[in-house]
Enquirer: 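Mind having a look at this structure? Questions to follow.
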Amino acid sequence: MSEPFVNDGPMVRSNTYKNNNALRLSINHAILQELPEEHSHFIFNTNKIHPLSDTQSGSLSADTSFGDVMEQQKGFKAFLRRCCPAIHSLQNILLVIFLLQTAICIGAMILLFYTSGENIVQEMSTVRERNIELQVRSYISTAPDILFQIKKSFKMQSVQANNSVAGTVDDYSSVHYIFGPIKEAYKSSTMFLYGNSLGDYAAFEINPSRRVLQMRYHNATVINYYFDEYYHPIGYHSQTDNYYPHKRLWYVGALQSYPNPSWSPIYLNYFYNCISLSLAVKFNFPTYYTSNGIRSQTTEVIAAHFDLYNIDNLIRDTLMLNKDSLTGSIGVAIVERNGNLISTAFTTNEKVNMLTENGTRVHLSNGNNLFKTVATTLEELKLIYPVGKNNSNFNLITPNVTSFWSGNFRVSVYSITDGFGLDWLLIVCTNNYGFVNIIFGSSPAVLSISIVLIIVGTLVMVVVTQIITKSIWKVSSDMYTLSKMEIDSIKEHKALNVMYELGLLQKSIKSVKNGFTSFMKYIPREIVKAVVQSGSKAKLGVVNANTSVMFTDIADFTTFTETSSIPILLKVITGYFEAVTSSVEACGGQVDKFIGDGTMSIFSNPFHPLDDHAVKVCRAALLTAYNIDKIKIKNQQDGLPYVKIRIGCNTGNAMIGNIGSKERFNYTAIGDTVNTSARLEALNKRYDTKILIGEATYNQVASKFLCFFVDVVRLKGKNQTTQVYTLVCEWSESTPLQKQIHSILLKVRDDMIQRNYGFMKEKLNELAEILFSVKNQSMNEGKEDTLDYRFVFELQKRAEQLVGLNKHEDSDFTLTLHEK
């Protein structure tokens with residue numbers, strides 16, 4: 001008598017394979033007797049039970065129980081055996097590992113202090129420097145955004161005002177209405193400026209010192225006004241005489257750089273006794289001024305003005321936020337390429353003025369002793385012009401990042417440019433205490449204490465290891481007993497539950513024990529015991545059989561998992577799997593495997609043959625879709641997300657049996673029929689359909705199920721074409737409209753095959769009109785439009801393309817797919 005087929009995998013499977021297990025376990029003696037000779041490679045030969053050899057069982061023989069071994073060892077030798085079962089035992093290995101760990105940790109600590117410490121300090125300095133650079137760049141980079149927003153607003157206003165000039169001496173309100181909201185949004189700029197070729201000038205200024213509107217009148221006097229919340233002037237503040245905007249640096253620079261913005265040279269702001277600059281741009285759209293009926297074109301310029309004392313405060317705040325215990329002092333300077341200072345900041349109370357007492361600019365070399373040394377190095381590196389020399393023949397270098405040492409200070413130089421004429425250097429000088437100096441200077445005993453703690457920790461771990469390995473020895477004895485199928489002698493050790501891992505092992509042994517017990521309810525106990533004890537393996541092998549295969553998958557599953565919590569995801573996907581499983585089993589199929597969010601099901605296999613498997617796979621597909629729709633309604637009522645699935649079915653020959661490697665395999669099906677079914681499932685996405693079936697399936701079920709013709713395709717990697725149909729319902733449940741659509745699509749299919757592309761196009765246009773009519777009728781009646789015929793419009797596009805082909809017998813009307 002042949003013995004039952006078994007699998008060499010674990011007896012207790014996960015839920016993923018529970019259907020395969022149920023299928024295998026249901027194989028009884030009667031089925032096995034009916035297997036033909038060529039199926040003999042599925043049969044497991046266990047007529048003779050071979051006891052485990054000494055090599056297989058280690059130090060224990062197959063005829064000696066674990067208790068017998070312990071009884072044979074007496075006295076001191078027995079004690080040593082309990083403490084150290086073998087030289088290569090786990091406790092000895094762990095002991096060596098912990099001793100090596102102690103030596104490595106001590107060595108690594110010393111190596112870290114003397115090699116890595118300084119690198120860490122330098123990396124922290126680099127991060128701080130990058131933060132400073134980022135703050136400066138962020139401050140300056142607002143200028144182009146400001147001009148863009150202002151210019152866009154002026155252009156919109158110009159279009160509405162028939163391209164009239166924005167501001168004149170008679171009315172500057174439109175300028176202030178534009179400047180006001182934008183200035184409130186951009187705090188970095190001190191003032192917005194406007195000027196035109198008529199000599200008109202207006203400005204909007206908000207800073208900690210004052211909030212004023214500026215307006216120029218015919219006598220070249222600029223009067224500053226206070227303003228209200230609507231940007232209306234409400235009171236006199238001050239005035240400036242003889243102001244001509246077209247003579248100003250910002251105005252002239254904008255004309256020269258047109259159409260691009262341009263930074264003005266840095267100039268002295270007498271009102272605040274600071275240095276300033278502006279980014280200005282000329283309008284790139286025409287505006288006109290009308291006087292005495294004559295319309296003349298004007299030139300308009302806007303500028304964003306920056307007082308650079310704000311950069312001092314910005315850098316100083318950044319330094320305070322990034323200063324740490326490893327840093328002694330930091331000095332920061334921003335200079336032009338001629339060496340003149342723009343901004344300085346220090347972590348100490350030191351201060352360097354940007355202007356001399358007579359109002360001239362201060363050079364870097366005149367800042368302080370550190371900056372003087374740095375200036376000399378920058379001149380040597382050709383990063384700034386030498387002081388007092390002709391610069392016409394001196395070519396500067398534009399660095400990305402340059403670093404060097406000046407005494408105890410690490411100096412890093414960053415280039416700050418923006419493409420609009422800005423060319424600055426950011427210089428950061430850092431004096432670090434050093435990581436090693438801090439460790440040994442603040443607490444010399446830290447290293448010694450750390451080494452002692454490592455040694456003490458190792459000793460503690462040695463003791464813990466002895467306890468753990470003794471517990472593991474108990475677990476291993478239970479596992480050995482289980483391998484001999486002496487299940488009744490396995491007892492639970494409550495002490496092992498103190499440690500999570502050992503408790504988990506004990507629970508696993510208990511689960512395997514329960515699995516064997518359950519398995520022996522399907523197959524006689526002696527056979528199961530013989531199979532396990534023999535150590536023999538199930539064999540690879542397949543049978544060619546005609547079958548039907550169904551694949552399902554959740555549409556947009558990645559998006560669903562990203563937007564759903566784990567409990568909700570688990571609840572929804574479990575409902576989906578249960579719907580598929582119940583539908584498949586109700587129609588006589590078996591779920592072969594769960595593949596992520598997809599499933600593969602087989603209808604008819606050598607152990608469970610079905611004559612009408614094509615009909616059953618279609619019925620299972622419809623039932624699955626129906627059950628998923630019921631879940632959708634329930635989830636909507638419960639406020640849960642719902643899933644949309646795609647189904648692919650195909651019929652044909654497949655290789656069914658044990659497939660895999662020598663060490664791990666599965667009872668499943670492979671072959672072109674399976675691959676085509678999987679491709680059909682994925683093809684639903686292209687046509688926005690729910691169920692697609694192959695041509696072979698359709699030919700067997702066409703009389704029982706209403707199916708719409710979808711297309712003729714050549715799947716990726718295949719030479720043969722296949723007709724694709726979408727499964728709608730059983731004929732008994734179809735509506736007159738569905739029957740009409742079915743009839744038209746069959747004619748479309750025939751015209752395509754016969755290469756009557758013109759007739760094909762006419763019939764599809766007719767069908768499209770019918771679908772649009774039905775959709776409009778549903779909308780007029782307030783009904784939900786449940787029709788989803790995107791594949792019809794895909795066929796329309798295909799018809800348009802095919803009409804252009806010459807009608808030849810060898811012309812290829814097949815849609816060739818290049819994706820799976």
Enquirer: Is any side-chain heavy atom of N260 less than 4.5 Å from a side-chain heavy atom of V281?
Expert: no
Enquirer: Any side-chain hydrogen bond (donor to acceptor under 3.5 Å, both in side chains) involving residues 625-634? Give me the pairs, sequence neighbours left out, ordered by first then second residue.
Expert: S583-N627, K634-D638
Enquirer: Measuring from T547:OG1 to I602:CD1, what's the distance to the nearest 0.5 Å?
Expert: 6.0 Å
Enquirer: Taking only residues two or more places apart in sequence, or in another chain, which ones meet N765 in a side-chain hydrogen bond (donor to acceptor under 3.5 Å, both in side chains)?
Expert: Q796
Enquirer: Taking salt bridge (Lys or Arg N to Asp or Glu O under 4.0 Å) as the definition, give me every residue that meets it alongside D597, ordered by chain and number, with sequence neighbours left out.
Expert: none
Enquirer: Which residues pass the ring-ring contact (aromatic ring centres under 6.0 Å, His included) test with Y186, not counting sequence neighbours?
Expert: none
Enquirer: Just by distance, do the side chain of S153 and the backbone of I178 share a donor-acceptor pair under 3.5 Å?
Expert: no
Enquirer: Which distance, rounded to the nearest 0.5 Å, do you find between the OG1 of T726 and the CZ of F708?
Expert: 8.0 Å
Enquirer: In the structure I gave you, are the side-chain heavy atoms of D418 and R137 within less than 4.5 Å of one another anywhere?
Expert: no
Enquirer: Heavy atoms, side chains only, cut-off 4.5 Å: are I302 and F283 in contact?
Expert: yes
Enquirer: Would T287 and N163 count as a side-chain contact (heavy atoms from CB on, under 4.5 Å) if you check the C-alpha gap in whole Å, the side-chain angles of each, and the deciding distance to 0.1 Å?
Expert: CA-CA 5 Å; T287 57; N163 295 330; 5.5 Å; no
Enquirer: Between I647 and F551, is there a side-chain heavy-atom distance shorter than 4.5 Å?
Expert: no
Enquirer: With side chains defined as the heavy atoms from C-beta onward, is the minimum distance between I554 and V643 less than 4.5 Å?
Expert: yes
Enquirer: Considering only heavy atoms from C-beta outward, does the side chain of M760 approach that of L802 to under 4.5 Å?
Expert: yes
Enquirer: Quick one: side-chain hydrogen bond (donor to acceptor under 3.5 Å, both in side chains) partners of K282, sequence neighbours excluded?
Expert: none
Enquirer: Scan for side-chain hydrogen bond (donor to acceptor under 3.5 Å, both in side chains) pairs involving residues 693-706, sequence neighbours excluded, and state none if there are none.
Expert: T651-T697
Enquirer: Any idea which heavy atoms bring M600 and A669 closest together, and the distance?
Expert: CE-O, 3.5 Å
Enquirer: Distance from K155 atom NZ to K152 atom NZ, nearest 0.5 Å?
Expert: 11.5 Å
Enquirer: I'd like to know whether CG of D611 has more than 12 heavy-atom contacts from other residues, nucleotides or ligands below 6.0 angstrom.
Expert: no
Enquirer: Under 3.5 Å, side chain of N684 to main-chain N/O of E681, donor-acceptor pair present?
Expert: yes
Enquirer: Using 30° and 60° as the class limits, which term best fits the ring planes of F577 and F594: parallel, tilted or perpendicular?
Expert: perpendicular
Enquirer: I'd like to know if the side chain of Q738 reaches the main chain of T735, judged simply by a donor and an acceptor atom lying under 3.5 Å from each other, with no hydrogens or angles considered.
Expert: yes
Enquirer: Which residues pass the salt bridge (Lys or Arg N to Asp or Glu O under 4.0 Å) test with E184, sequence neighbours left out?
Expert: K187, R211
Enquirer: What residues form a ring-ring contact (aromatic ring centres under 6.0 Å, His included) with Y288, not counting sequence neighbours?
Expert: none
Enquirer: Taking all atoms of both residues into account, what is the closest heavy-atom pair of P286 and S158, and its distance?
Expert: O-OG, 4.2 Å
Enquirer: Check whether R790 reaches the backbone of R686 with its side chain - one donor and one acceptor, N or O, closer than 3.5 Å.
Expert: yes
Enquirer: Show the nearest heavy-atom pair for residues Y258 and N284, with the distance to one decimal.
Expert: OH-CA, 3.4 Å
Enquirer: Quick one: are the ring centres of F772 and F793 less than 6.0 Å apart?
Expert: yes
Enquirer: Could you tabulate the donor-acceptor pairs under 3.5 Å formed by side-chain atoms of residues 739-753, not counting sequence neighbours?
Expert:
residue	atom	partner	partner atom	Å
R749	NH1	Y725	OH	2.8
D751	OD2	K763	NZ	2.9

Enquirer: Among side-chain atoms of S548 and H613, is any donor-acceptor pair under 3.5 angstrom?
Expert: yes
Enquirer: Could you tell me whether the side chain of T721 and the main chain of R714 form a donor-acceptor pair under 3.5 Å?
Expert: no
Enquirer: Search all heavy atoms of D688 against all heavy atoms of K644 and return the closest pair with its distance.
Expert: OD1-NZ, 3.2 Å
Enquirer: Of all heavy-atom pairs between L764 and A799, which one has the smallest distance, and what is that distance?
Expert: CD1-CB, 3.8 Å
Enquirer: Mind checking whether K761 and F759 have side chains closer than 4.5 Å, heavy atoms only?
Expert: no
Enquirer: Taking only residues two or more places apart in sequence, or in another chain, which ones meet R619 in a salt bridge (Lys or Arg N to Asp or Glu O under 4.0 Å)?
Expert: E730
Enquirer: For S604 and K616, test the side chains for any donor-to-acceptor distance below 3.5 angstrom and give the result as yes or no.
Expert: no
Enquirer: Please round to the nearest 0.5 Å and tell me the distance separating atom CG of L147 and atom CD1 of I182.
Expert: 10.0 Å
Enquirer: So, for C707 and L727, which heavy atoms are closest and what is the spacing to 0.1 Å?
Expert: SG-CD1, 3.7 Å
Enquirer: For Y757 and R755, run side-chain contact (heavy atoms from CB on, under 4.5 Å): C-alpha distance rounded to whole Å, both residues' side-chain angles, the deciding distance at 0.1 Å, then the answer.
Expert: CA-CA 5 Å; Y757 303 133; R755 294 173 174 81; 3.2 Å; yes
Enquirer: Which residue pairs pass the side-chain hydrogen bond (donor to acceptor under 3.5 Å, both in side chains) test when at least one of the two sits in residues 558-578, sequence neighbours left out?
Expert: T552-Y576
Enquirer: Test side-chain hydrogen bond (donor to acceptor under 3.5 Å, both in side chains) on T673 and N650; report intermediate values, then the result.
Expert: CA-CA 6 Å; T673 299; N650 194 37; 4.5 Å; no
Enquirer: Under the side chain to side chain contact (heavy atoms under 4.5 Å, CB included) test, which residues partner V713, sequence neighbours left out?
Expert: L683, Y687, D711, L715, T722, V724, L815, L817
Enquirer: Between R646 and D553, is there a donor-acceptor pair closer than 3.5 Å when you use the side chain of the first and the backbone of the second?
Expert: no
Enquirer: Please examine the side chains of V549 and C649, heavy atoms only from C-beta on, and report whether any two atoms are closer than 4.5 Å.
Expert: no
Enquirer: Between atom CD1 of I693 and atom CG of L680, what is the distance when rounded to the nearest 0.5 Å?
Expert: 9.0 Å
Enquirer: Other residues, nucleotides and ligands only: do more than 12 of their heavy atoms fall within 6.0 Å of CZ on F285?
Expert: yes
Enquirer: Just by distance, no angles: are the side chains of T668 and K593 close enough, under 3.5 Å, to form a donor-acceptor pair?
Expert: yes
Enquirer: Kindly indicate, with the supporting measurements, whether the criterion side-chain contact (heavy atoms from CB on, under 4.5 Å) is fulfilled by V543 and N605.
Expert: CA-CA 9 Å; V543 173; N605 61 73; over 6 Å; no
